[in-house]
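For clarity, every value in this text was computed on a predicted model and none was experimentally measured. Below, chains carry the letters A, B, ... as their sequence lines are ordered, and counting in each starts from 1.
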Number of protein chains: 2
Amino acid sequence: MQAAISILDNEGAAGLTFRALAGRLKTGSGAIYWHVADKDELLAAATDHVIAKFEPQDVGRLSPQEAIRALALGVFDAIDSHPWVGAQLSGNPFQYAVLRILEGLGTQVVALGIPEKGRFNAATALLSFMLGLAAQYAVASHHFRDGSDRTTALRAVAAKWMELDPEQHPFIHQVAPLLPVHDDREQFMAGIDLILAGIDTSR
Amino acid sequence: MQAAISILDNEGAAGLTFRALAGRLKTGSGAIYWHVADKDELLAAATDHVIAKFEPQDVGRLSPQEAIRALALGVFDAIDSHPWVGAQLSGNPFQYAVLRILEGLGTQVVALGIPEKGRFNAATALLSFMLGLAAQYAVASHHFRDGSDRTTALRAVAAKWMELDPEQHPFIHQVAPLLPVHDDREQFMAGIDLILAGIDTSR
DNA sequence: ACCTGAACACCGTTCAAGT
DNA sequence: ACCTGAACACCGTTCAAGT
């Protein structure tokens with residue numbers, strides 16, 4: 001697991017092959033199949049390893065809203081320090097790491113006093129938002145793997161956006177300059193707060 | 001494009017290979033590279049084709065909230081009738097199809113009267129939620145490709161959830177029975193409404 | 001300008017054979 | 001019980017050669 005995560009961190013998702021992992025572990029590529037059914041299971045295990053590490057402790061002391069924010073920050077930080085986790089979470093939403101997140105969110109949704117009928121929708125709305133933004137960060141980080149930093153890479157994307165026909169894309173043009181300067185963590189938490197506010201009105 | 005979409009619809013994303021597409025078009029696999037840079041571009045083009053087809057017309061007549069709901073329903077229906085679109089949207093959030101959706105959402109967020117600072121977060125929150133739920137439907141549909149229908153497949157997933165330790169997964173246990181009977185479209189729109197309500201309180 | 005199709009450099013996965 | 005590593009059945013992509 002350590003070796004797999006280290007490869008994923010250093011070479012990205014494409015770098016984790018059975019041959020590469022076997023090489024690092026000084027074993028044959030077939031040996032890995034004794035411990036893991038296939039590549040999906042390998043990636044799911046690595047992802048859960050990371051998500052579990054960033055799960056906040058002692059969430060019980062916090063208000064439900066604060067607990068949900070803490071859970072969200074944990075997911076954000078996990079993705080922030082291991083960019084491949086974003087793609088893996090959204091690419092395989094039935095893996096255990098995602099259930100782990102849903103369980104945490106759901107417990108707090110119950111604590112918020114949402115009636116039984118609304119709990120499923122409220123918890124999965126929070127979860128889906130996280131997975132969706134996770135997917136975006138995943139691609140973003142993929143785009144600036146080659147040395148260039150985040151800002152210059154996003155500036156390149158923004159420049160592409162500005163090339164689109166401004167008549168047909170007024171909003172994209174309006175928002176493109178914000179792309180290179182915006183703060184991912186702030187965006188992530190703003191979305192959470194928006195959904196929390198929406199949940200609050202539904203009580 | 002027609003041939004690619006037809007393969008994607010019938011065989012899923014894994015079925016679309018350059019060899020398969022070339023075979024269907026009665027040409028060589030290398031020929032496709034004259035028209036498309038690589039597989040990402042091929043998939044992005046197919047995805048935009050579908051998303052554009054399901055974009056609602058005459059959104060101008062509707063209130064901003066109703067317009068956002070109409071846009072969301074279009075995305076939902078696109079995924080519903082072409083399951084591979086869900087994975088493709090969330091797996092590649094910088095492709096043009098996603099910008100198309102963001103432009104539609106953003107225009108309505110502006111119409112809602114959100115101040116400039118909040119527009120980016122509001123529009124991307126709606127977008128991220130859609131992409132995240134799209135990713136979930138993508139995997140779900142993948143799970144019951146082999147003949148079994150949606151309900152029996154989700155029942156199998158729910159049964160797996162019930163095998164988890166109930167002490168550590170109370171919410172998962174509570175919500176598992178809802179999984180096979182819940183309505184995807186209702187869940188999708190409930191999330192949109194939650195975010196819209198949240199946006200409303202932020203005005 | 002566009003097509004052909006063999007060739008290249010990979011993959012994940014399997015499995016007879018080992019220890 | 002666990003490992004070895006060649007072999008299989010694929011991929012996306014390239015490119016000299018054609019029309």
Side-chain angles (χ1 to χ4, degrees), chain A residues 1-49 83-85 87-97 135 138-139 142-143 145-146, chain B residues 1-49 83-85 87-97 135 138-139 142-143 145-146:
Chain A
M1 215 71 266
Q2 270 175 32
I5 291 175
S6 150
I7 291 175
L8 287 163
D9 286 346
N10 292 320
E11 336 250 335
L16 182 68
T17 67
F18 280 84
R19 283 168 182 83
L21 182 56
R24 178 100 91 167
L25 296 172
K26 277 167 191 143
T27 181
S29 62
I32 300 165
Y33 282 89
W34 185 263
H35 301 96
V36 110
D38 53 25
K39 195 169 181 184
D40 268 3
E41 198 175 300
L42 178 64
L43 280 164
T47 305
D48 189 52
H49 217 77
W84 50 274
V85 168
Q88 182 53 28
L89 285 174
S90 60
N92 198 350
F94 281 1
Q95 65 187 308
Y96 184 66
V139 181
H142 196 268
H143 269 253
R145 176 157 297 286
D146 40 333
Chain B
M1 214 73 265
Q2 269 174 35
I5 291 174
S6 148
I7 291 175
L8 287 163
D9 286 346
N10 292 321
E11 337 248 335
L16 183 67
T17 67
F18 281 83
R19 283 166 181 83
L21 183 56
R24 178 100 89 170
L25 296 172
K26 276 167 190 141
T27 181
S29 60
I32 300 165
Y33 282 88
W34 186 261
H35 300 96
V36 110
D38 54 25
K39 196 171 180 183
D40 268 3
E41 196 175 302
L42 178 64
L43 280 164
T47 305
D48 189 52
H49 216 78
W84 51 273
V85 168
Q88 182 53 28
L89 286 174
S90 60
N92 198 351
F94 282 1
Q95 65 187 308
Y96 185 68
V139 180
H142 196 267
H143 268 254
R145 176 155 297 284
D146 41 333

Where the side chain of B:Thr17 is concerned, which of D:dC11, C:dA1, C:dT13 is the nearest nucleotide?
D:dC11
Could you state the atom-to-atom distance from [atom1] of [X] to [atom2] of [N] in whole Å?
| X | N | atom1 | atom2 | value |
| --- | --- | --- | --- | --- |
| A:Phe18 | D:dC11 | CZ | C1' | 16 Å |
| A:Lys26 | D:dC2 | NZ | C1' | 19 Å |
| A:Leu43 | C:dT13 | CG | P | 10 Å |
| B:Leu42 | D:dC11 | CG | P | 14 Å |
| A:Trp34 | C:dC15 | CH2 | P | 14 Å |
| B:Glu11 | D:dC10 | CD | P | 13 Å |
| A:Arg24 | D:dC3 | CZ | C1' | 20 Å |
| B:Ile32 | D:dG12 | CD1 | P | 10 Å |

Could you tell me which nucleotide pairs with D:dG5 by Watson-Crick or G-U wobble geometry, both distances under 3.5 Å, or answer none if nothing does?
C:dC15
B:His35 side-chain N/O to C:dA1 phosphate OP1/OP2 under 4.0 Å
no
For A:Arg19 and for B:Leu16, locate the closest nucleotide of DNA chain D by heavy-atom distance; then report the residue assigned to the nucleotide nearer the 5' terminus.
A:Arg19
By nearest heavy atom, map A:Ala31 and B:Gly30 onto DNA chain D; which one lands nearer the 5' end?
A:Ala31
Starting at [atom1] of [X], measure out to [atom2] of [Y] and round the result to the nearest 0.5 Å.
| X | Y | atom1 | atom2 | result |
| --- | --- | --- | --- | --- |
| B:Gln2 | B:Arg24 | CD | CZ | 10.5 Å |
| B:Lys39 | B:Leu16 | NZ | CG | 5.5 Å |
| B:Leu43 | B:Leu89 | CG | CG | 11.0 Å |

C1' gap between C:dA17 and D:dC2, integer Å:
13 Å
Minimum side-chain heavy-atom gap A:Ile32-A:Leu21 below 4.5 Å:
yes
State, with a plain yes or no, whether a side-chain heavy atom of B:Thr47 is found less than 4.5 Å away from one of B:Trp84.
yes
